[in-house]
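This report concerns only the one structure given below.
The figures here come from the full heavy-atom set of this structure, side chains too, leaving out hydrogens, waters and symmetry mates.
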Amino acid sequence: MNHDEHSRLHPMCLKCLLGKHLNAAPKEAGEKAQTEYIQRILQMLGHADPATAAPVMLRRIEKLQEEMFGASIDYAAIKKHYNAKMMGKEEGVREKIRRAADPFRAALQYAMTGNYIDFGTLQKVDDAELDAFLADAENIPLPEDTLEELRNDVLRAKKIVYLTDNCGEIVMDKLLMETMLSMNPQAEMQVILRGEEVVNDVTVEDACQVGLDRIAPVMGNGTDIAGTWIPSLSDAARKKLESADVIIAKGQGNFETLYFCGLNVYYLFMCKCDLFAQRFRVPRFTGMLLNDRKMQW
C-alpha cells in the first residue's frame with residue numbers, strides 16, 4: 001500500500017463507522033428523528049476530509065448522537081471492572097517480568113497483550129480470550145531490530161512520553177513504565193491520557209485508580225478523541241510530545257491519529273480490525289511494535 005499523507009480516512013474505516021453507527025438511533029426516537037440522524041451521519045461521512053483520522057470522525061458521530069438522543073453508553077463501571085481485574089493479576093505479572101531472561105521484552109509483550117481490552121474496536125471483550133492472551137504473552141514475537149532500537153532509545157532518553165489507551169490495559173502499561181524507569185532511572189517520564197471520557201479509554205481518574213500517578217506524572221491531552229490528534233491537543237500536551245526523546249503510543253487509536261508524524265514514536269498495539277490485519281499482512285490479534293520513522297507500507 002502506498003501511503004498518501006493526505007488520505008488517513010480509509011474506505012474500510014468509513015464502512016466500519018457506518019456499520020456501527022448508521023442504525024444507532026433509538027427506536028423510540030420516532031421516524032422523523034431517525035431519518036434526520038441517518039441523513040446527518042451520511043452527510044458528515046460523505047463530506048469528511050480524507051486527511052481526518054477515523055477516531056476524529058468517530059467522536060463527531062458520538063457528539064451527533066449525544067445532541068440528538070442524549071448521553072451515550074456510560075463506561076464507568078466497565079472501566080473500574082477491568083482496572084480491578086487487571087490489578088488482581090498485577091503482582092503475578094510483575095514477578096514474571098522480573099524473572100524473565102529479558103525483562104524489557106517481557107514487559108513489552110504484556111503491555112501489548114493488555115491492548116485487547118478495547119470496547120471501541122471490539123463488539124465485546126471476552127475475558128477467557130484475554131486470559132489466554134496473557135498466559136501466552138511471553139511467546140509473542142517482537143521484531144528484533146525495532147526492539148533493540150527502542151531499548152537503546154530508552155537507555156539514552158532524558159524525556160519519555162507514554163500515551164495510554166484503555167482501562168485495564170494501563171495496569172500492564174504501568175509494569176512497562178516501571179521496567180523502563182529501572183533501566184534508566186534518570187529519565188523524566190510523562191504519562192498522557194485522554195482529556196475527557198471516551199469509550200473505555202483512560203482518563204486521569206482511571207490512572208489514579210491503578211496507581212499510575214505514583215510511577216510518573218499524569219496529564220490529560222485536552223481532547224475527547226480516542227487517539228492523539230495533534231491539531232486538537234492542548235498546548236501543554238503538544239509541547240510534552242514534541243520535546244520527548246522517545247514516545248510509546250499504545251493502541252490503534254494512537255496509531256491512527258499519529259502515524260507518519262515524524263516524531264520518535266514507538267507504536268505498541270494489537271491488530272484488532274480487518275484493515276490493520278490487511279495493512280500489515282498479519283492475522284487479527286497479532287501484536288505490533290513499530291517505529292514511526294522506520295515504518296513503511
What heavy-atom pair brings [X] and [Y] nearest, and what distance separates the two atoms?
X: T179; Y: A107; answer: OG1-CB, 3.5 Å
X: A157; Y: V246; answer: CB-CG1, 3.8 Å
X: C13; Y: L275; answer: SG-CD2, 3.5 Å
X: C208; Y: D213; answer: CA-OD1, 3.5 Å
X: R194; Y: T164; answer: NH1-O, 3.4 Å
X: L17; Y: L45; answer: CD1-CD2, 4.0 Å

Please examine the side chains of [Y] and [X], heavy atoms only from C-beta on, and report whether any two atoms are closer than 4.5 Å.
X: M86; Y: L130; result: yes
X: V93; Y: M172; result: yes
X: T146; Y: L290; result: no
X: I117; Y: K85; result: no
X: L233; Y: I230; result: yes
X: F104; Y: L176; result: yes
X: D126; Y: Y116; result: yes
X: I61; Y: I41; result: yes

Report the C-alpha separation of K159 and E242 in whole Å, then their side-chain angles, then the decisive distance to 0.1 Å, and conclude whether the salt bridge (Lys or Arg N to Asp or Glu O under 4.0 Å) test is met.
CA-CA 10 Å; K159 294 182 178 180; E242 289 171 352; over 6 Å; no

Looking at [atom1] of [X] and [atom2] of [Y], how far apart are the two atoms once the value is rounded to the nearest 0.5 Å?
X: N221; Y: T203; atom1: CG; atom2: OG1; value: 11.0 Å
X: L22; Y: L42; atom1: CG; atom2: CG; value: 5.5 Å
X: I192; Y: M219; atom1: CD1; atom2: CE; value: 5.5 Å
X: M112; Y: F269; atom1: CE; atom2: CZ; value: 8.5 Å
X: I170; Y: Y162; atom1: CD1; atom2: OH; value: 10.5 Å
X: M288; Y: Q252; atom1: CE; atom2: CD; value: 10.5 Å

Hey, would you say the Y267 and F276 ring centroids sit under 6.0 Å apart?
no

Run through L258, N264, L163 and flag the one making a side-chain contact (heavy atoms from CB on, under 4.5 Å) with I247.
L163

side-chain contact (heavy atoms from CB on, under 4.5 Å) test vs Y266 passes for just one of D153, D292, L108, namely D153

Establish whether [X] and [Y] are linked, either directly or via other cluster members, by ILVMFWY side-chain heavy-atom contacts under 4.5 Å.
X: L9; Y: L64; value: yes
X: V56; Y: V265; value: no
X: F255; Y: V161; value: yes
X: I225; Y: V199; value: no

Inter- and intrachain pairs under salt bridge (charged side-chain N to carboxylate O under 4.0 Å, His left out), touching [range], at least two apart:
range: residues 106-116; value: none
range: residues 102-117; value: D102-R105, D102-R151, R105-E144
range: residues 26-38; value: E36-R40

Would you please say whether a donor-acceptor pair under 3.5 Å links the side chains of N83 and D206?
no

Between L193 and V218, is the side-chain contact (heavy atoms from CB on, under 4.5 Å) condition met? List the steps.
CA-CA 7 Å; L193 325 150; V218 299; 3.9 Å; yes

Taking ring pair (Phe, Tyr, Trp, His ring centres under 6.0 Å) as the test, write out the residues that go with Y82, two or more places apart.
F119

K63 vs D224, salt bridge (Lys or Arg N to Asp or Glu O under 4.0 Å): CA-CA, chis, key distance, verdict
CA-CA 10 Å; K63 282 181 175 170; D224 58 1; 3.4 Å; yes

Given side-chain contact (heavy atoms from CB on, under 4.5 Å), test L58 with E62 step by step and report yes or no.
CA-CA 6 Å; L58 172 62; E62 288 171 344; 3.8 Å; yes

Please confirm whether the backbone N or O of [Y] pairs with a side-chain atom of [X], one donor and one acceptor, at under 3.5 Å?
X: K79; Y: D201; value: yes
X: N184; Y: A187; value: yes
X: K250; Y: A111; value: yes

Name of the residue among E66, E196, E197 meeting salt bridge (charged side-chain N to carboxylate O under 4.0 Å, His left out) with R59
E66

Answer yes or no: is there an ion pair linking K174 with E90, defined by an N-O contact shorter than 4.0 Å?
yes

Is it true that E178 and R214 have a side-chain N and a carboxylate O under 4.0 angstrom from each other?
no

For atom CD of E148, is the number of surrounding heavy atoms from other residues, nucleotides or ligands below 6.0 Å larger than 12?
yes

Distance-only donor-acceptor pairs under 3.5 Å for side chains of residues 133-140, two or more places apart:
residue	atom	partner	partner atom	Å
D136	OD1	N139	ND2	2.6
E138	OE2	Y110	OH	3.0

Is the positively charged end of R8 above the ring of Y259, judged by distance under 6.0 angstrom from the centroid and angle within 45° of the axis?
yes

Pairs meeting criterion ring-ring contact (aromatic ring centres under 6.0 Å, His included) with involvement of residues 14-69, two or more places apart
Y37-F69

Report the C-alpha distance between I248 and L150 in whole Å, list the side-chain angles of each, state the deciding distance to 0.1 Å, and finish with yes or no for side-chain contact (heavy atoms from CB on, under 4.5 Å).
CA-CA 9 Å; I248 306 286; L150 175 54; 3.8 Å; yes

